[in-house]
Amino acid sequence: MGFASGSVTFRRYKVVGEQPKATDGAMLEKLRGFRLQIGEFSVPEEVEYGWSGGRHVLDGEFGFEHNVFADAMFFGLRVDTNKVPGVLKKAYEIMEADAVAAGNPSGFISKNQKRDVKETVRKKVEDELREGKWRRSKIVPILWDLPTATVFCSAGGTTQEQLLELFNRTFELELSPVSAGSMALSLLEPAGHRRDYEDLRPTRFVAGTEGEGQYPDYPWTAKGAEPKDFLGNEFLLWLWHEADAKSGVVATEEAGDVAIVLDRSLELECAYGQSGKDALKADGASRMPEARDALRSGKVPRKAAMIVNAMGHQYEMTFNPEALFFSGAKLPEVEEADSPRVLFEERIALLRDLCRTMDALYATFLRLRASSSWEGQVATMKRWIAQPMKGATGA
């Protein structure tokens, strides 16, 4: 049931527009009106999508019992693909052509018969598609948190495009993906740092191949929708430094003291687009000599497994800092829940706390990043990067 149990994977989308104050029957009716319905006689489109009740891929029911939890609404995006494999269509054509050719004295098939064969195969394929033989379905869980005007969902790529289009068509509201760059603007602008945000450029933690005058270009964000997403990579590197070179506890204004441990896996990529990628998997991956070697070669972290302790709770997840994407996030166990509904609502509260904690860490980083103290922080981090790991050769 997606967010109701187990680990959760999601990124966030801000709801843009005048959304309802609370979930009501009209919202559920709108979902029902755009649910995915399968035509009985028509040939389906290659890709079809619509809303689902969220409990399973065939769930087309919407109601307060299964879709409304406290101030949030849970449902799903169902996406179906209907496509006969190309190799199979080719096999149908060859088999049909062989059968026709066998009835000809020459043993060959005529041009007119070739056209007939294609038409026969086309009808066969359409019949199979109409019967649902090649229908492949998936469901993407969605949680709409009305108090924070936020949608939680793991959609990416084409599925994200479908989510944004269908949400707008259903509710006449827009979804704006939250990323490191967009969140930086939303946090810095109200504090009067719009100009500081606009002036931010990538930090040079190590020299590029062209020397001190070369700045990293972060090729994975430079051509994206939000070029300031490189701030997410710098944020994760800063967290790594805080966890490794200091106590691992960061004082935040919004969530109090937060303890951080980078754990089992770490992925890095060259910010200059030159020295490739590294993927490290081991207990304490960030403390491996190879991790510090990667930093010295110009790489920055793009994904890391983390353990975060804050507000009396411990969370584990893999974190992608550019999209602020949480993968396999393990929420704390709910000790007392006398019904599945109470359990789900408690998990929603824990999910909010996780996001509040990570946002508090990011806000703390941004206040430093946009201040005159950042230059001194960079000097400290450069020394840390240059320092050999304890236990490494030459240490």
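The figures that follow rest on heavy atoms only: side chains count, while hydrogens, waters and symmetry mates do not. The shown structure was predicted, so the numbers you read here are calculated from the model rather than taken from an experiment.
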| query | Taking the six-membered ring where the residue is Trp, are the ring centres of W144 and F171 under 6.0 Å apart? | reply | yes
| request: Answer yes or no: is there an ion pair linking R122 with E119, defined by an N-O contact shorter than 4.0 Å? | output: yes
| Does the pair K299/E269 count as a salt bridge with the N-to-O cut at 4.0 Å? | no
| task | Start with the C-alpha distance between F205 and L237, add both sets of side-chain angles, then the distance that settles side chain to side chain contact (heavy atoms under 4.5 Å, CB included), and finish with yes or no. | result | CA-CA 10 Å; F205 293 102; L237 180 57; 3.7 Å; yes
| request: Report the distance from atom CZ of F235 to atom CD of E322, rounding to the nearest 0.5 Å. | output: 12.5 Å
| task | Would you please indicate yes or no on a ring centroid separation below 6.0 angstrom for Y218 and Y272? | result | no
| Is D127 salt-bridged to K124, going by a charged N under 4.0 Å from an acidic O? | no
| field | L36, D59, I142 screened by side chain to side chain contact (heavy atoms under 4.5 Å, CB included) with W51, the one that passes | value | I142
| said: Consider side chain to side chain contact (heavy atoms under 4.5 Å, CB included). Of T252, L231, L239, which one does Y362 pass it with? | reply: L231
| Can a salt bridge be assigned to the pair E93 and K89 using a cut-off of 4.0 Å between side-chain N and carboxylate O? | no
| field | M95 atom CE, over 12 foreign heavy atoms within 6.0 Å | value | no
| query | When rounded to the nearest 0.5 angstrom, what distance separates CG in L173 from CG in L164? | reply | 12.0 Å
Scan the side chains in residues 254-268 for donor-acceptor partners under 3.5 Å anywhere in the protein, sequence neighbours excluded, and list what turns up.
| from | atom 1 | to | atom 2 | distance (Å) |
| --- | --- | --- | --- | --- |
| E254 | OE2 | R367 | NH1 | 3.2 |

| request: Please report the C-alpha distance between M311 and T357 in whole Å, then the side-chain angles of each, then the deciding distance to 0.1 Å, and finally whether the side chain to side chain contact (heavy atoms under 4.5 Å, CB included) criterion is met. | output: CA-CA 8 Å; M311 297 183 286; T357 297; 3.2 Å; yes
| task | Taking the six-membered ring for Trp and the single ring otherwise, decide whether the centroids of W374 and W238 are under 6.0 Å apart. | result | no
| field | Carboxylate-amine/guanidinium proximity below 4.0 Å for K30 and D24 | value | no
| task | Could you tell me which residues satisfy side chain to side chain contact (heavy atoms under 4.5 Å, CB included) with R135, sequence neighbours excluded, listed by chain and number? | result | I38, P44, E48, R78, D80, N82, S137
| Does CZ belonging to R195 count more than 12 external heavy atoms closer than 6.0 Å? | no
| task | Using the ring of F325 (Phe, Tyr or Trp, six-membered ring only), decide whether R11 places NZ or CZ under 6.0 Å from its centre and within 45 degrees of its axis. | result | no
| field | side chain to side chain contact (heavy atoms under 4.5 Å, CB included) partners of P332, counting only residues at least two apart | value | H313, Y315, L350
